[in-house]
Every structure is written in structure tokens, then in C-alpha cells.
Asks: 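Quick one: structure below, then a few questions.
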Amino acid sequence: MDPRDREKIIAWAQELPAGPVLDAGCGPGHWTAHLRSLGVEISGLDLVPEFIGHARARFPEVTFRVGSMTALDVPDASQAGSWPGTR
């Protein structure tokens, strides 16, 4: 992870309101796990089952699931934000 990216992500995470965050398109899960280590209540979502399998194996303390951003299985307005970058 590039140090400049880490600084931007840390600043973004510090501005989040309390509540769950969705890492939409989490890939192998490294940013999801990093945000969780900063205290963000976060889970990862990706379309690619292999990415989710890798993320679960590498970061078992984080919740990851296979799914689509266009068909989320969470109630409207139930997330404090999403990564990348909206809140």
C-alpha cells in the first residue's frame, strides 16, 4: 500500500459517522482489513467468488460476501458509508 493512499484512507475513516460501512468491490480485502484495523465497522462485497475466498482466508476476522452492488442485501439507509469514498 502506498503511504499516500494510506494517509488519505485514514483521513476518510476519521470523518465517518458511527455505523457500518460497505467496501463495495473489495477484491482481495486488504483495504477492508486495513479500515477494520482503524476501528471502522466494515464488511466487504465483491462479485468474484475467488476474491472473496482469498479475502476470507487472509482476513478471517472480517466479514466478506459475494454479491452485487446493484442488489445489496441490506436495508436502505442502513450504512454509514461505503468504500471507496462515499458517506
Side-chain angles (χ1 to χ4, degrees):
M1 295 182 217
D2 187 286
R4 293 170 294 183
D5 291 337
R6 289 171 62 105
E7 289 172 17
K8 288 178 185 177
I9 291 168
I10 289 168
W12 176 82
Q14 291 172 341
E15 294 178 5
L16 280 173
V21 173
L22 179 66
D23 183 354
C26 67
H30 60 288
W31 286 116
T32 319
H34 180 64
L35 285 163
R36 186 174 187 279
S37 76
L38 297 174
V40 176
E41 180 187 345
I42 191 163
S43 63
L45 174 79
D46 204 285
L47 280 172
V48 182
E50 292 81 6
F51 286 164
I52 295 300
H54 179 76
R56 286 176 178 158
R58 190 165 174 209
F59 308 107
E61 69 282 3
V62 182
T63 300
F64 293 100
R65 64 187 187 280
V66 176
S68 170
M69 291 181 273
T70 60
L72 296 176
D73 60 349
V74 297
D76 289 349
S78 66
Q79 304 292 294
S82 67
W83 175 253
T86 61
R87 56 185 161 104

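The structure presented is a predicted model; accordingly, all values stated were derived computationally and were not measured. We use all heavy atoms of the structure for the numbers below, so side chains are in, but hydrogens, waters and symmetry mates are not.
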Asks: If a pair satisfies side-chain hydrogen bond (donor to acceptor under 3.5 Å, both in side chains) and one of its residues is in residues 19-32, list it, with sequence neighbours excluded.
Replies: D23-T32
Asks: With sequence neighbours excluded, what pairs up with S78 under the side-chain contact (heavy atoms from CB on, under 4.5 Å) test?
Replies: V74, P75
Asks: Flag yes if V62 and V66 sit in one hydrophobic cluster, no otherwise; membership is Ile, Leu, Val, Met, Phe, Trp, Tyr, and two members link when side-chain heavy atoms are under 4.5 Å apart.
Replies: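 Yes, same cluster.
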Asks: Could you pull out every donor-acceptor pair under 3.5 Å between side chains of residues 33-45 and any protein atom, sequence neighbours left out?
Replies:
{"unit_1": "R36", "atom_1": "NE", "unit_2": "E61", "atom_2": "O", "d": "3.2"}
{"unit_1": "R36", "atom_1": "NH2", "unit_2": "E61", "atom_2": "O", "d": "3.4"}
{"unit_1": "S37", "atom_1": "OG", "unit_2": "H34", "atom_2": "O", "d": "2.6"}
{"unit_1": "S43", "atom_1": "OG", "unit_2": "R65", "atom_2": "NH1", "d": "3.4"}

Asks: Determine which pairs satisfy ring-ring contact (aromatic ring centres under 6.0 Å, His included) with at least one residue from residues 38-81, sequence neighbours left out, and list them in order.
Replies: none
Asks: In chain order, what residues pass the salt bridge (charged side-chain N to carboxylate O under 4.0 Å, His left out) check against R6, with sequence neighbours excluded?
Replies: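 Checked R6 against salt bridge (charged side-chain N to carboxylate O under 4.0 Å, His left out); zero matches.
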Asks: For residues G25 and D46, report the shortest heavy-atom separation together with the two atoms involved.
Replies: C-OD2, 3.3 Å
Asks: Enter the distance from L16:CG to Q14:CD here, rounded to the nearest 0.5 Å.
Replies: 10.0 Å
